[in-house]
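First the structure, in the form of structure tokens, and then the observations on it.
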Number of protein chains: 2
Amino acid sequence: MTDRKWVYQYEEGRADMKGLLGGKGANLAQMWNIGLPVPPGFIITTEACKAYWSDPEGLMDSIWPQVRDAVSKLEERTGKAFGGAENPLLVSVRSGAPVSMPGMMDTILNLGLNEATVDALAAASGDQRFAWDSYRRFIQMFSDVVLGVDIGEFEFLLSRVKGGQGCSYDHELTHQSLRKLVESYLRLLDSKGIKFPTDPWEQLRLAVEAVFKSWNTPRAVTYRSIHQIPDDLGTAVCVVSMVYGNLGDDCGTGVCFTRDPSTGERRLYGEFLVNAQGEDVVAGIRTPRPISELKSTMPEVYEELVKLTELLERHYRDMQDIEFTVERGRLYLLQTRNGKRTAKAAVRVAVEMVREGLITPEEAVRRVTPDQVEQLLHPQLDPTLKFDVLAKGLPASPGAAVGKVVFDADEAERMGKGGEDVILVRPETTPDDIHGLFAARGILTSHGGMTSHAAVVARGLGKPCVSGCEALDIDLARGVMRVGQREIRKYEVITIDGSRGLVALGALPLVQPSFSDDFRELLDYADGLSRLEVWANGDTPEDAQRARSFGARGIGLCRTEHMFMQADRLPVMQEMVASVTKEERIEALSKLKVMQKEDFVGIFRAMEGLPVTVRLLDPPLHEFLPKVPEMRERLEALEAEGKGDGPEARKIRVLIQRAESLKEANPMLGFRGCRLGIIYPEIYEMQVEAIFEATVELMSQGVQVYPDIMMPLVGTKEEMRRLREMVDSKAKEFEARLGGEIPYMVGTMIEVPRAALVAGELAEDAEFFSFGTNDLTQTTFGYSRDDAEGKFLAEYVRIHVLPDNPFHVLDRSGVGRLMELAVREGRQTRPDIQIGICGEHGGNPKSIAFCHKLGLKYVSCSPFRVPVARLAAAHAALGLID
Amino acid sequence: MTDRKWVYQYEEGRADMKGLLGGKGANLAQMWNIGLPVPPGFIITTEACKAYWSDPEGLMDSIWPQVRDAVSKLEERTGKAFGGAENPLLVSVRSGAPVSMPGMMDTILNLGLNEATVDALAAASGDQRFAWDSYRRFIQMFSDVVLGVDIGEFEFLLSRVKGGQGCSYDHELTHQSLRKLVESYLRLLDSKGIKFPTDPWEQLRLAVEAVFKSWNTPRAVTYRSIHQIPDDLGTAVCVVSMVYGNLGDDCGTGVCFTRDPSTGERRLYGEFLVNAQGEDVVAGIRTPRPISELKSTMPEVYEELVKLTELLERHYRDMQDIEFTVERGRLYLLQTRNGKRTAKAAVRVAVEMVREGLITPEEAVRRVTPDQVEQLLHPQLDPTLKFDVLAKGLPASPGAAVGKVVFDADEAERMGKGGEDVILVRPETTPDDIHGLFAARGILTSHGGMTSHAAVVARGLGKPCVSGCEALDIDLARGVMRVGQREIRKYEVITIDGSRGLVALGALPLVQPSFSDDFRELLDYADGLSRLEVWANGDTPEDAQRARSFGARGIGLCRTEHMFMQADRLPVMQEMVASVTKEERIEALSKLKVMQKEDFVGIFRAMEGLPVTVRLLDPPLHEFLPKVPEMRERLEALEAEGKGDGPEARKIRVLIQRAESLKEANPMLGFRGCRLGIIYPEIYEMQVEAIFEATVELMSQGVQVYPDIMMPLVGTKEEMRRLREMVDSKAKEFEARLGGEIPYMVGTMIEVPRAALVAGELAEDAEFFSFGTNDLTQTTFGYSRDDAEGKFLAEYVRIHVLPDNPFHVLDRSGVGRLMELAVREGRQTRPDIQIGICGEHGGNPKSIAFCHKLGLKYVSCSPFRVPVARLAAAHAALGLID
């Protein structure tokens, strides 16, 4: 054991030796070796820590000669003597694991002090108070961390002395009081049978052992288990000579960043205090000064700092966060690390560093996380902001919004047009509220899940939404809502956080989004690295326009039913649904066709040259009808008015009857999707005609159109075969009319398990697959999303029955396994089959990484999530997301 | 081609040469060779037919010398001459394919007749009328089948002659009239330019060709394609000398079975007519006499017939259906084949033949189909019965019932106890109607699917049920139901057929079920051949008793929730569901525990020595609450009575609130199954305690108990792990109490796709799997059974989008694939894992065959289907069901 090298000099280390020297030690070594003014020191390796745990005594005996040698070198370098009665060498002892890890012993400062050296320190510094205060702190810290004495007992003594002297702050104590305090500290230890070690070597040996021991404290073990850090890494120990920023006005301490961590602007940013130690900044007694003022206060130091920090940034090729101390005019760098930054700064720094030639575009992409991009896209509450939560609901659509509470869509629209910020608050929303949703800053509902009308529309609009906030008791009639005893009236201001599902009273400060040129450039870098394309889900020309502007390479899901929900179409749609005979249905459909064709013309034009995947009608027909109780009420009102035999009443009666006959116990598993298209062929035929009419019209004008026709809820080969045949035969008609080929494809959603299980058969007719992972997750788990989320899913995640909500993060073992199978067998049948995903998972980074692994062609997500997905796709390709 | 052998003598054939000689030919040859009196003849092979289709002329030229030789032999054998002016040889020409196949040419009789031979026939038979009638019929038959002349034209001439003579029946015509009729037949043919062939050789050649041609008539081709008979088998042609049963009182004809085809009793059964031809029996002019009377009429013939038929039965080792003719005191056997029989007869014949040493038990099992067993278990409508269908619904529970229409459960009970047969007719049924369901002969509902309350309870009770009969418009208040314009009042008699989903007016005749000793013996044979065990689903001691008496080897599914539905428990269950705090819930649960324990004691005792698989609570809690509108009505009534503040009203308000908060959009995918057990651990803990309390009580008395505890709706490893841990820890407590080991197992349903996909992980904790294929089918397809069946599933099957209803016949490509995967991966983790199925497919023969292939340990089905399943399991093992 004695043969091994346990102690490293800075000269022997490098930044990439974090495994052996720990993060802190490796960085200190690196700084030293590039010639930066680092206080001299040495590092005891993580190997020593590991050896300590198998044979504590043996290891300590084995390393000690090497430690003594290293201390000797330190004495040479500093010209001070460890335990010396003059100009004593004091050191700090810190742990430094390969991975940053709270919960272990942090720091012991001023090690080496005792009755003798304290006087020497006083003499050397010319400051009695400083010396005795340092000694007091050392005893306190050492006793706490090394000797295991409760720090509270020292604090009690300290406060008694302060009380006796009528002082409020530590620094008001005189050096005499401090000396007495030291004595009382030592007596306290004595009374416990503890002799405070006065020999600096013994202090050092105990401190090093304490660092080793701290590797296996319960807190550290727990932390590692939670963060999946291996238990056998061990920690290194950094022993560094002390420097002081509080020995006079030519001293000081500070922290600086090489770029502005809020904006990313390239300038030295930070603050400092003259004649102070790091602790003084934390204590908050004196206000630190902006770093720019250092220029006038200590011009030479400032100049050197600028030079050194630039050097550091160039060296590490990233923005640095640097701690420094000035001791008697001499600048020391104590620590450097990559600086934390806001999302906005992260983007700017990364892109500017590419422009400066400091890093490659790939490196820039690596440095911005999808989470940060997420922050950039919506106004956000500052995540560190502390506030009282009024109520919790579901995080239905991300971002935060502030506005006046309004309970009515019309009023929301009126106020919104008048320029006021409103939050539309409803028990739940319906298509009738759509104008109110448009006008509001955010939406809050007391009922409904993550796929409720409010949630889906809000995500589509990119507006924050909190849904299913069951604690809200909304009294529409009185225009108030209650949460427990608290009553909130109409027009009171609230803030909602749709990223976290929170509601608060009043206007909390928001961080505004930005979509800068830098950001666009970064996403272009990202696209260059991705193997996955990012497409968008969009149902209108506006959606398509927006998706395109965010960089979507196609429309992966155009839901035709959303078109039918619009106010001018709904009555015609209802006429179709209420039809009893096929002839009636065809008549209503022919009216719808005209409208639908116009929609397609708009979308195809907006996406010129890019594919548009149109999904044929999916929801059960009863979704297009008003709710039965509402209809009954209206009917009763008409009867009361003596209009019980009028045309409206008659129509309502038909609709009620139809609604009753369409009622389903489990609509999610009911008469919808291609089942409608098979049983009522005329519906899908109308839709396909509308698509091809729009295509032919635009192609005749020279517009490039790529319509992909997608069948929902297919589960059997026969469904796919029939539907494909129908589209092909319609296509022939329209190609004849056009006098040329239409570049269309026919494909299917894979959204029930059976579709995945027979994907090989489906691929005989399907030219593309698109995974509808929302429904696939529902059917694979047997979870109705709307029911599950509020009733047991949140609790399942809380008590760790599930690692994540599978509607947010794609479940790989179950749903993912079906996807793998479908991809493999689909490709066996049709090697060039195009495969993508259009469920909400298409916007989730972890899920995108999985899609990358499956080798899908694209992920399709809400237009507002396209930037996140583009970055995530690149991160997946770079192996940064697993 | 000329070298090949196209024509076979009987001597050259055997029963197992059906491929070459056709079924008819091979049997004739066989009979001949075992010395039975068969009219001489020969067979032209199926090879000839096949050759004919590639080269008609060539083939005919090639076979003709062989046919001529064979006819010469025939002349020798019969002592008659083909085309001879004295004692002419007449023959029948019939097709005979290897597989029985309607749609081809059947028979031409009396071939060889012409102007000359007809006189010879008259002379030989001494009966002019007979000769001319034979000639007339021959011309008619030949013209129709060989010459392609519409038989109607001959019938027209015949009826004109009869009219002219004032006759009603053919046999009233004199030989003079018949001779004139023959002349008019020939004139008719002349007028069409057809010369009727008078040369018997030409007649024969044309008839043989006609048989060949008939192989490819559209009807025959269609029949083969539907029944998947290969097109390249070809048909043989049997040419047999004519014998006559109508030449005097020493002649006759008849049909007999070697055993009674209705009962299976071993006695010669059949009927005969003296001086008659087969046709006369069909014409229905004379009533045939029972075969027993032949004993006195023709004692010698009877004796020989008995001897020969016994010989045939022993030879074919199956009950024979024999046609015979007596020509001038000489017995000829014209045909023998295995006789068709009723299900009851099939069982008796099979088992008695085993006892007689005629066949092996395996052969006996092979001869009875699961469908026949099905017939034995329920009263049935005669499937050939023709009747007017009043309305169609879903075939929710098999069997037929006759009874008076009653619309109210109480009245059904009262009348049922009074000994009257009633059919309970309801829009749908609820647990409140259970006494009415018990008392009724059958159940008819206008709403609800195959898993509606009525359907499930009816199947459990083994009573016929037609559900979802939407054409019924039931007016409970007036006590009538309407179907279209037809009104049916209370107490009118109807018949329902739950096997086919039909409703008819009046009392149709039913075939009663039987469960004889023979049947038990047959099922014992079956068990000896099966690899699959048959268990039963049962929720009560009575169910268990019944299951055991039907031969179930265990309980595969004991649904604890059905216990909670009973009238005395429901209020306590509702108390539990309405609980707000855990304490309240535990209090209600402790009351339920006492009741539940008693249930388990009863079931365990009934199944002593056999495993009982108890599934913990599965349905969503709201299923235990009354419907909200009903509660609201009751509440309004109470309020109107001024009892709005009374205890009942208060309780109802709580239940309404709870029902509202438990409401789900898709309860099938909601808060149910083990999700309840995880979120409210106290519920499952109570149930497990009740199971172990019952176990310990019985084991202490020396009763062998094997409780298997089954978790419903498990989808993740973590659910399984927690629940298993809970059961194990409870088991430890009770084992300590018992002072011994409890032979329990813990396992899971596999009923959502994810469970199958992670079966390997689940098997780490689960000691058994039970496939819940009802739910697995729902989630794999995304079909809600209740919604799908009425809305699109029936139509899907009708238009062949699906081959079968996947809730009836297990879907192998989708659901089955998941099962295969779960079996494979479950066994990888735990090689001795016990795997069974407890969905309704467990009683379906095709699905049982699939379970056999998967190598499951057991199928579990409703007690009433256990016999069907036992036989099906054996048939699967014998490879009879694919």
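In what follows, chains carry the letters A, B, and so on, assigned in the order in which the sequence lines appear, proteins first and then strands, with residues in each chain numbered from 1.
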N-O pairing of A:Lys663 and B:Asp787 below 4.0 Å: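 Between B:Asp787 and A:Lys663 there is no salt bridge, as every charged N stays at least 4.0 Å from the carboxylate O atoms.
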Checking heavy atoms, do the side chain of [X], its backbone, both or neither come under 4.5 Å from chain A?
{"X": "B:Leu676", "result": "neither"}
{"X": "B:His800", "result": "both"}
{"X": "B:Asp811", "result": "side chain"}

A:Arg672 side chain near B:Lys791 side chain, heavy-atom distance below 4.5 Å: no
B:Phe792 side chain reached by A:Ile679 side chain, heavy atoms, under 4.5 Å: yes
Please determine, among [options], the option with the most heavy-atom pairs under 4.5 Å with chain B.
{"options": "A:Leu662, A:Leu757, A:Asn666, A:Thr780", "value": "A:Asn666"}
{"options": "A:Glu825, A:Glu761, A:Arg721", "value": "A:Glu825"}
{"options": "A:Glu664, A:Glu470, A:Arg675", "value": "A:Arg675"}
{"options": "A:Gly814, A:Gly670, A:Ser784", "value": "A:Ser784"}
{"options": "A:Leu818, A:Thr779, A:Asp775, A:Val758", "value": "A:Thr779"}
{"options": "A:Ala756, A:Ser661, A:Ala665", "value": "A:Ala665"}

Atom group of A:Arg817 that falls short of 4.5 Å from chain B, counting heavy atoms: side chain
Which portion of A:Thr716 sits near chain B, non-hydrogen atoms under 4.5 angstrom: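 A:Thr716 touches chain B through side-chain heavy atoms alone.
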Measuring from [X]:[atom1] to [Y]:[atom2], what's the distance to the nearest 0.5 Å?
{"X": "B:Ile799", "Y": "A:Ile678", "atom1": "CD1", "atom2": "CD1", "value": "6.5 Å"}
{"X": "A:Phe781", "Y": "B:Leu713", "atom1": "CZ", "atom2": "CG", "value": "12.0 Å"}
{"X": "A:Arg754", "Y": "B:Tyr783", "atom1": "CZ", "atom2": "OH", "value": "7.5 Å"}

Side chains of A:Glu718 and B:Tyr796, donor plus acceptor under 3.5 Å: no
Residue among B:Glu719, B:Glu795, B:Lys717 with most heavy-atom pairs under 4.5 Å to chain A: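 Answer, by heavy-atom pair count under 4.5 Å with chain A: B:Glu719.
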